[in-house]
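Okay, structure first, notes after.
Numbering of residues begins at 1 and proceeds along the displayed sequence.
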Amino acid sequence: MDYSMIVGVHRPAPGQAAAELAEHNAAALCSKPYAATHAGDTTIVYFGIIDFLQAWTGGKKCAHVIKACCAPPPISTVAPPQYARQFHDFFLFK
């Protein structure tokens with residue numbers, strides 16, 4: 001499977017890093033921020049996995065049939081429930 005990593009870098013105003021990290025933790029987001037301070041400046045870094053989902057259309061169903069015949073598994077063009085399982089299993093393994 002092919003996913004992309006997105007990296008967000010934030011440099012809060014001096015003295016605001018602790019408040020912003022506390023606010024992030026209260027929001028219960030899935031990604032964990034990583035913070036580093038050097039010479040009084042704090043940098044907060046966020047990492048995430050992104051994937052662009054598309055509607056399961058007739059064209060996608062046709063692509064699924066072609067890939068199922070010609071491509072090695074796991075194929076990327078699969079019905080949403082199977083895709084969800086593949087996505088979950090891929091990161092569970094990692």
Side-chain angles (χ1 to χ4, degrees):
M1 300 186 96
D2 183 25
Y3 301 104
S4 297
M5 181 172 67
I6 187 168
V7 178
V9 178
H10 176 57
R11 297 190 68 195
Q16 295 297 313
E20 291 193 24
L21 287 169
E23 179 181 315
H24 178 273
N25 290 335
L29 294 174
C30 294
S31 71
K32 174 183 175 185
Y34 295 89
T37 302
H38 177 70
D41 290 330
T42 300
T43 301
I44 302 172
V45 181
Y46 300 88
F47 297 95
I49 303 296
I50 60 173
D51 190 12
F52 293 97
L53 302 178
Q54 299 177 357
W56 185 244
T57 62
K60 291 292 181 186
K61 291 175 185 177
C62 182
H64 170 77
V65 171
I66 293 168
K67 288 181 180 181
C69 294
C70 303
I75 60 173
S76 59
T77 308
V78 295
Q82 182 180 350
Y83 184 84
R85 283 190 304 275
Q86 283 183 196
F87 186 89
H88 178 265
D89 293 346
F90 180 81
F91 287 103
L92 187 64
F93 175 73
K94 299 293 179 187

What pair of heavy atoms forms the shortest contact from Ala79 to Trp56, and how long is it?
-> N-CH2, 3.4 Å

Which pair of non-hydrogen atoms, one from Ala35 and one from Thr42, has the smallest distance, and what is that distance?
-> CB-CG2, 4.4 Å

Closest heavy-atom contact between Ile75 and His64?
-> CD1-ND1, 3.4 Å

Shared ILVMFWY cluster between Val65 and Val78, side chains joined below 4.5 angstrom?
-> no

Kindly compute the distance separating NZ (Lys61) from OG1 (Thr77), expressed to the nearest 0.5 Å.
-> 13.5 Å

Mind checking the CZ-CD spacing from Arg11 to Glu20? Nearest 0.5 Å is all I need.
-> 12.5 Å

